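In each ligand, atom 1 is the first atom listed, and ligand 1 is the first ligand listed. A quick note: this is a predicted structure, and the numbers were derived from the prediction, not measured. What's counted below: heavy atoms across the whole structure, side chains too, no hydrogens, waters or symmetry copies.
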Amino acid sequence: MSKLYGGDFNQKIDYVFKVVLIGDSAVGKSQLLARFSRNEFNLDSKATIGVEFQTRTLDIDHKTVKAQIWDTAGQERYRAVTSAYYRGAVGAMLVYDITKRQSFDHVARWLEELRGHADKNIVIMLVGNKTDLVSLRAVPTEDAKEFAEKENLFFIETSALEATNVETAFVNVLTEIYRVVSKKSLVANEADSAGSSALLRGKEIVVPGQEPVPSGSSYSCCRSS
Ligand SMILES: Nc1nc2c(ncn2[C@@H]2O[C@H](COP(=O)(O)OP(=O)(O)OP(=O)(O)O)[C@@H](O)[C@H]2O)c(=O)[nH]1
């Protein structure tokens, strides 16, 4: 397999996985990303405008995986081009705030948008954030679990503030993506020997050693006036 040499440490990268964060405004998407990528948290976090991404490299099943996590505004007027945001994504974290019933009620709409734009094999995790706000809970865990089972999503509850389950949420998504990808590679390799790899290759959702990504990068676009 070809290897990439990425950013900081001339580290060999086996896979680059693009994961998108979606969900209503103020549910904590940016803070989940800050916690996962830099182990930081900011209570005065401003609404995201446009799009940004952060990367973190980690080891999954002895492979070096660069997670490229994309974050966009929950507010419609600050969002960038939807199809570009979802393009190439192999994972999605659909976040709601356990203290805001409306953010959970909107999950179905986010899912519809995601399924309309993303690859059909995308790994999706439903994330109920802000579990530290125990007395303000408005969404019972059971309701979300039931929804996730019905829609075939992974499910977890997190607190970006207390760093509860954040690492687990991202690592679980990335591990599941890796499982899907390595299974596909296996099928493609088997088909190789059968002489029909082109078709299967065409369906792969991640090419090992995709385009190099600058480490820790972010960019913004499309600020609305
Ligand atoms: N108590 C608590 N507050 C949180 C948690 N995560 C985020 N917040 C706060 O919730 C507010 C919104 O967080 P953001 O991360 O900016 O939310 P967002 O989903 O990225 O919002 P948009 O960029 O508008 O889409 C901020 O004041 C955060 O500090 C959490 O786990 N617990």
Side-chain angles (χ1 to χ4, degrees), residues 18-56 67-86 89 91-114 117-118 124-141 143-145 147-148 153-173 216-225:
K18 175 178 174 181
V19 175
V20 292
L21 288 163
I22 53 169
D24 276 9
S25 182
V27 295
K29 298 180 297 296
S30 300
Q31 293 311 305
L32 285 166
L33 177 54
R35 179 63 76 194
F36 176 67
S37 57
R38 306 186 300 276
N39 198 20
E40 286 174 4
F41 181 85
N42 176 9
L43 251 184
D44 299 320
S45 160
K46 301 270 181 306
T48 306
I49 295 176
V51 179
E52 65 170 36
F53 71 82
Q54 297 284 335
T55 62
R56 189 177 135 187
Q68 189 188 86
I69 317 289
W70 291 63
D71 181 23
T72 190
Q75 281 185 58
E76 191 77 42
R77 67 195 166 118
Y78 288 149
R79 295 188 71 203
V81 188
T82 307
S83 47
Y85 187 64
Y86 291 113
M93 318 270 272
L94 204 178
V95 187
Y96 67 93
D97 176 345
I98 65 141
T99 74
K100 295 263 162 18
R101 181 74 208 190
Q102 200 185 44
S103 72
F104 178 68
D105 293 340
H106 289 165
V107 161
R109 249 190 263 170
W110 283 107
L111 196 56
E112 200 181 318
E113 177 178 294
L114 178 62
H117 289 87
I124 308 170
M125 179 170 277
L126 180 64
V127 181
N129 189 39
K130 306 196 188 181
T131 52
D132 54 284
L133 300 174
V134 179
S135 61
L136 298 177
R137 181 185 280 274
V139 183
T141 305
D143 288 12
K145 212 185 249 178
F147 180 86
L153 316 174
F154 293 92
F155 169 61
I156 197 165
E157 287 187 337
T158 58
S159 166
L161 186 152
E162 292 182 337
T164 310
N165 276 348
V166 178
E167 185 78 9
T168 308
F170 281 98
V171 169
N172 281 359
V173 165
S217 306
S218 69
Y219 74 85
S220 303
C221 74
C222 318
R223 178 186 284 270
S224 78
S225 51

task: Give the residue, atom name and distance (to 0.1 Å) of the protein heavy atom nearest atom 23 (O) of ligand 1.
output: T48 N, 2.7 Å
message: Below 3.5 Å, N or O to N or O, backbone or side chain included: is there any such pair between K29 and ligand 1?
response: yes
statement: So the atoms of ligand 1 within less than 4.0 Å of a heavy atom of D24 turn out to be 19 (O)
query: Backbone or side chain, does any N or O of A26 fall under 3.5 Å from an N or O of ligand 1?
result: yes
message: Is the shortest side-chain heavy-atom distance between K100 and V27 below 4.5 Å?
response: no
message: Under a 4.0 angstrom heavy-atom cut-off, which atoms of ligand 1 come close to D132?
response: 1 (N), 2 (C), 30 (C), 31 (O), 32 (N)
message: Is the shortest side-chain heavy-atom distance between I69 and F36 below 4.5 Å?
response: yes
query: Based purely on interatomic distance, does D71 place a nitrogen or oxygen under 3.5 Å from a nitrogen or oxygen of ligand 1?
result: no
task: With side-chain hydrogen bond (donor to acceptor under 3.5 Å, both in side chains) as the test, would you mind laying out the steps for D97 and S103 before giving the verdict?
output: CA-CA 6 Å; D97 176 345; S103 72; 5.5 Å; no
task: Please could you name the atoms of ligand 1 that L133 approaches to less than 4.0 Å, counting only its heavy atoms?
output: 1 (N)
message: At less than 4.0 angstrom from any non-hydrogen atom of A47, what atoms of ligand 1 do you find?
response: 23 (O), 24 (O)
- request: To the nearest 0.5 Å, tell me how far Y86 OH sits from K18 NZ.
  value: 10.0 Å
query: Considering only heavy atoms of S159, which atoms of ligand 1 have at least one such atom less than 4.0 Å away?
result: 31 (O)
- prompt: Is ligand 1 under 4.0 Å from a heavy atom in the side chain of N129, in the backbone, in both, or in neither?
  reply: side chain
- line: Of K130, K46, Q31, the residue with the heavy atom nearest atom 11 (C) of ligand 1 is K130
query: N/O to N/O below 3.5 Å, does that happen between G74 and ligand 1?
result: yes
- request: Specify whether F147 and F104 have parallel, tilted or perpendicular ring planes, treating 30° as the upper limit for parallel and 60° as the lower limit for perpendicular.
  value: perpendicular
Carboxylate-amine/guanidinium proximity below 4.0 Å for D143 and R101: yes
message: Return the closest protein heavy atom for atom 17 (O) of ligand 1 as residue, atom name and distance.
response: G28 N, 3.1 Å
message: For atom 16 (O) of ligand 1, what's the nearest protein heavy-atom neighbour? Residue, atom name and distance, please.
response: S45 OG, 2.5 Å
- prompt: Do F154 and V173 come close enough that some side-chain heavy atom pair is under 4.5 Å?
  reply: no
field: Mode of N42 contact toward ligand 1 - side chain, backbone, both, neither (heavy atoms, under 4.0 Å)
entry: backbone
- prompt: Can you find a heavy atom in the side chain of D105 that is under 4.5 Å from one in the side chain of Y96?
  reply: no
- request: Heavy-atom contacts with A73 under 4.0 Å: which atoms of ligand 1 show up? List them by number with element.
  value: 25 (O)
- request: Let me see the working for T48 and S30 under side-chain hydrogen bond (donor to acceptor under 3.5 Å, both in side chains), right down to the final yes or no.
  value: CA-CA 8 Å; T48 306; S30 300; 2.8 Å; yes
- prompt: Heavy-atom contacts under 4.0 Å between S30 and ligand 1: side chain, backbone, both, or neither?
  reply: both
task: Output yes when the distance from some N or O of ligand 1 to some N or O of T158 is under 3.5 Å, and no in every other case.
output: no
message: If I apply the N/O under 3.5 Å rule, does F41 come out as touching ligand 1?
response: no
Residue pairs, two or more places apart or on separate chains, that pass salt bridge (Lys or Arg N to Asp or Glu O under 4.0 Å) and touch residues 131-141: R137-E157
- request: For residues M93 and F170, determine if any side-chain heavy atom of one lies less than 4.5 Å from a side-chain heavy atom of the other.
  value: yes
- line: atom 24 (O) of ligand 1 sits nearest the protein heavy atom S25 OG, 2.6 Å
query: So do I98 and L133 actually touch side chain to side chain, heavy atoms under 4.5 Å?
result: no
Sub-3.5 Å N/O-N/O distance, A160 and ligand 1: yes
task: Please work out which of L43, L161, V27 has its closest non-hydrogen atom nearest to atom 26 (C) of ligand 1.
output: L43
- prompt: Taking only residues two or more places apart in sequence, or in another chain, which ones meet N165 in a side-chain contact (heavy atoms from CB on, under 4.5 Å)?
  reply: I156, T158, T168
